[in-house]
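This report concerns only the one structure given below.
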Amino acid sequence: MRDECSVGVSPQRPGRVVRLLFRLCVVFLDRFGRMLGLDYVRISVIVNLWLQGGVLVLSSAVPLVAIAVGGSERCARPAPGIAYVVASVWLLLNVCLFLLVLRRYRLPFRRAFSLCAADLSRLSRAVGCSYHLLNLLLFVVVYVIAVCFNLLPALLLLT
């Protein structure tokens, strides 16, 4: 059975769909960067590392805000206290991870971009899938799932 990242993509060469999706992301970032007067390297670091990391931190704060705003009444006793602690620890963990990312991929832009690409390349070889697929999985799929995971407790508390 072929099981390269569970989608049948060779570790050496990504499939057509993966290449197409990766290329669409590259073109989107490149055009978006040009609109802002930034090259591809700069916009990639800003969007993939800084902006996405910042959104993850902000989304991890939403459950804490939801508890403070009114979700605590919906938590069974003594759960409001536990919910505050869990939400606070989760936020702190997200902030710490974001700071580690900022520290590892610090400026200049070319250094941050090259180091991130090298890390993704090493990781793709370690898990046995293409660089392109891993990039899509991390910066699109896992990112969306992580933001939804962060927002779900707040939605459950406030609905």
Inset, instruction - Answer yes if Leu107 and Tyr40 sit in the same cluster of Ile, Leu, Val, Met, Phe, Trp and Tyr residues linked by side chain heavy atoms under 4.5 Å apart, and no otherwise. - result: yes
Inset, instruction - To the nearest 0.5 Å, tell me how far Ser130 OG sits from Leu120 CG. - result: 11.0 Å
Inset, instruction - Show the numbers, then the answer: is there a side-chain contact (heavy atoms from CB on, under 4.5 Å) between Phe109 and Ile46? - result: CA-CA 9 Å; Phe109 283 102; Ile46 290 168; 3.8 Å; yes
Inset, instruction - Please answer whether the main-chain N or O of Arg103 pairs with a side-chain N or O of Arg106 as donor and acceptor at a distance below 3.5 Å. - result: yes
Legend entry - Steps toward side-chain contact (heavy atoms from CB on, under 4.5 Å) verdict (Val141, Leu136): CA-CA 7 Å; Val141 177; Leu136 288 169; 5.9 Å; no
Inset, instruction - Output yes when a side-chain donor or acceptor of Asn150 lies under 3.5 Å from a complementary backbone atom of Leu56, and no otherwise. - result: yes
Legend entry - Gap separating the CZ atom of Phe113 from the OH atom of Tyr105, nearest 0.5 angstrom: 12.0 Å
Legend entry - ILVMFWY network linking Leu133 to Ile145, side-chain heavy atoms under 4.5 angstrom: yes
Legend entry - ILVMFWY network linking Val47 to Leu102, side-chain heavy atoms under 4.5 angstrom: yes
Inset, instruction - Measure centre to centre between the rings of Trp90 and Tyr84, then say whether the value is under 6.0 Å. - result: no
Inset, instruction - Answer whether the closest heavy-atom distance between the side chains of Cys96 and Leu100 falls below 4.5 Å. - result: no
Sequence neighbours excluded and cut-off under 3.5 Å, please list the side-chain donor-acceptor pairs for residues 16-30, or say none.
{"unit_1": "Arg19", "atom_1": "NH1", "unit_2": "Pro14", "atom_2": "O", "d": "2.8"}
{"unit_1": "Asp30", "atom_1": "OD2", "unit_2": "Arg34", "atom_2": "NE", "d": "3.2"}
{"unit_1": "Asp30", "atom_1": "OD2", "unit_2": "Arg34", "atom_2": "NH2", "d": "3.2"}

Legend entry - Nearest-0.5 Å distance that lies between atom SG in Cys116 and atom CG in Asn135: 7.5 Å
Legend entry - Shared hydrophobic cluster, Phe98 / Leu138 (ILVMFWY, side-chain heavy atoms < 4.5 Å): yes
Inset, instruction - Flag yes if Val142 and Leu97 sit in one hydrophobic cluster, no otherwise; membership is Ile, Leu, Val, Met, Phe, Trp, Tyr, and two members link when side-chain heavy atoms are under 4.5 Å apart. - result: no
Inset, instruction - Keeping the roles fixed (side chain from Gln52, backbone from Phe139), state whether a donor-acceptor pair exists under 3.5 Å. - result: yes
Inset, instruction - Verify side-chain contact (heavy atoms from CB on, under 4.5 Å) between Arg104 and Asp119, making sure each step is shown before the conclusion. - result: CA-CA 11 Å; Arg104 176 152 179 82; Asp119 287 348; 2.8 Å; yes
Inset, instruction - Report the C-alpha separation of Asp39 and Ile43 in whole Å, then their side-chain angles, then the decisive distance to 0.1 Å, and conclude whether the side-chain contact (heavy atoms from CB on, under 4.5 Å) test is met. - result: CA-CA 6 Å; Asp39 63 17; Ile43 197 67; over 6 Å; no
Legend entry - Separation of Asn94 CG from Leu58 CG (nearest 0.5 Å): 10.0 Å
Inset, instruction - Say whether, by atom type as modelled, one donor and one acceptor occur between the side chain of Ser121 and the main chain of Ala118 under 3.5 angstrom. - result: no
Legend entry - Atom pair OG (Ser124) and CG (Leu137), whose distance is rounded to the nearest 0.5 Å: 11.0 Å
Inset, instruction - Check the side chains of Tyr143 and Asn48 for a donor-acceptor pair under 3.5 angstrom, ignoring hydrogens and angles. - result: no
Legend entry - Straight-line distance of Ile67 CD1 to Ser88 OG, nearest 0.5 Å: 7.5 Å
